[in-house]
Amino acid sequence: MASPGVDTEQEPLLGDRTPGSREWDIIETEEHYKSRWISIRILYLTMFFSSVGFSIVIMSIWPYLQKIDQTADASFLGWVIASFSLGQMVASPVFGLWSNYRPRKEPLIVSIFISVVANCLYAYIHVPASHNKYYMLVARGLVGFGAGNVAVVRSYIAGATSLQERISSMANTSACQALGFILGPVFQTCFALIGEKGVTWDAIKLQINMYTAPVLLGAFLGVLNIILILTLLREHRVDDSGRQCKNVNFEEASTDEVQFPQGNIDQVAVLATNVLFFVVLFIFALFETIVTPLTMDMYAWTREQAVLYDGIILAALGVEAILIFMGVKLLSKKIGERAILLGGLIIVWVGFFILLPWGNQFPKIQWEELHNNSIPNTTFGEIIITLWKSPREDRNEGPTGCPIEQAWCFYTPMIHLAQFLTTAILIGVGYPSCNVTSYTLYSKILGPKPQGVYMGWLTASGSAARILGPVFISQVYTSWGPRWAFSLVCGIVVLTIMLLGVVYRRLVPFSVRHGRIQE
């Protein structure tokens, strides 16, 4: 059935057009339209559950690791954190390839089931008599492996939407992911009321406390997600104009389906977009990592103050990101995704340029001898350990300020709080703009053909960025200080902008490149 067009700029965040509303005359039945958008919204929810499952334990990993295994140190914490991204990096291409040749329910259900099992394992890592830290490492790695289904989710959404619907759907997906990252720590805070002791179910040796309750909730959400996928998700694929396409993923044929359009994918544009996406996530990962040690060094904040204030700042950035996702949906219709990506990179560069140290005022020097509970400054794990340190463990916060072990503290001007907050706001604008437009451009470049493997590689590049970003910034910041660290970041962003300028004309949709649709 056909129906009058509706201005897509009036779409709510999780609501999309009425049946058949397109700028071009494409026939779509109301039943097919409803089924397609129910399936897409189920995957919005899948993305939300996945990000909640990751972030809900972030604040408690370090104290729980210390509790279950006294041999665990900060270096091992770095491996535990990295194991999630490593698992996701390995799994993303695998699940993506699987989704290209089989119904996408299969990799989705298997991946979520792996996450459920991994969360249950995490709840029992206190039981073994030894090597508990390795069980935590395996559990977090498996959770990351299950999170490789992000490639399948984005591939499905890209294949089930027309060009006109793509930016809105990708923005909604990123907004759901961001919302999950925001609410995860909130749920963790609520579970903190249970306390470390909690209650024990002796029959199955299950302890329900502030450390295990979050992962049990994650396992429950995973089971609920599997049920929703089994009962409501249907296979849908449309071309760039919105017409149904035949595909091995389809469970049933339709007389209205059309074959995939012929034509080669621009591999140069694909590679360039992977590099752009890597840099975008690399920049944000290193910023998240450096926030706590930077504020403790520059403003002499205690660990408790840093966790509280920086937590508030990052939560505010999450809310800002959701607003930006909504704004990108509207702005992209006027100026296009490429211009937004370029603008986002420029904003990120301005943010890090502002963060460079200037002036004659220097940070407070931490003269006292450092103890085990002082500011971490050596390894990747030690750099970010303050995010997990329990303030109740030791009320003596120890010396504050810039440690004397960091020679740059004596000659590098301090970064004023106004500089830092301005940079945080600009990063909160630039990062989500680049993130959602990178995904959208990538899916449009690939066209209506199955995107599972390509999305898998894109997700893998993002996982690699989340591993390398924290390692890069922790080493450079500790050894050379913020002036060198942020100067190098500015240089990386400039090179990225130059790359975007070189490939700018190639970053066009598949159908536009082959002359089937006018840009």
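The basis for the numbers below is simple: all heavy atoms, side chains too, and nothing from hydrogens, waters or symmetry mates.
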Would you check if the side chain of [X] reaches a backbone N or O of [Y] as a donor-acceptor pair within less than 3.5 Å?
{"X": "N172", "Y": "S168", "answer": "yes"}
{"X": "T412", "Y": "C409", "answer": "no"}
{"X": "W408", "Y": "Y477", "answer": "yes"}
{"X": "S50", "Y": "T46", "answer": "no"}
{"X": "Q88", "Y": "G144", "answer": "no"}
{"X": "S92", "Y": "M89", "answer": "no"}
{"X": "R483", "Y": "P357", "answer": "yes"}
{"X": "R140", "Y": "V80", "answer": "no"}

Judged by modelled atom types alone, do N209 and T212 share a side-chain donor-acceptor pair under 3.5 Å?
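Checked: N209/T212 side chains pair up, N/O donor to acceptor below 3.5 Å.
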Residues Y442 and N274: side-chain donor-acceptor under 3.5 angstrom:
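There is such a pair between these side chains.
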For the [atom1] atom on [X], are there more than 12 heavy atoms of other groups (residues, nucleotides or ligands in this structure) within a distance under 6.0 Å?
{"X": "Y134", "atom1": "OH", "answer": "no"}
{"X": "F420", "atom1": "CZ", "answer": "yes"}
{"X": "Y135", "atom1": "OH", "answer": "no"}

Can you confirm if the aromatic rings of Y431 and F287 lie within a centre distance of less than 6.0 Å?
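So the answer is no for these two rings.
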Smallest separation among heavy atoms of L355 and I415, with atom names:
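Of all heavy-atom pairs spanning L355 and I415, the closest is O-CD1, 3.2 Å.
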Nearest heavy atoms of A147 and F84, plus distance in Å:
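That would be CB-CZ, 3.6 Å.
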Intermediate values then yes/no, side-chain contact (heavy atoms from CB on, under 4.5 Å), L216 and N119
CA-CA 7 Å; L216 293 176; N119 280 323; over 6 Å; no
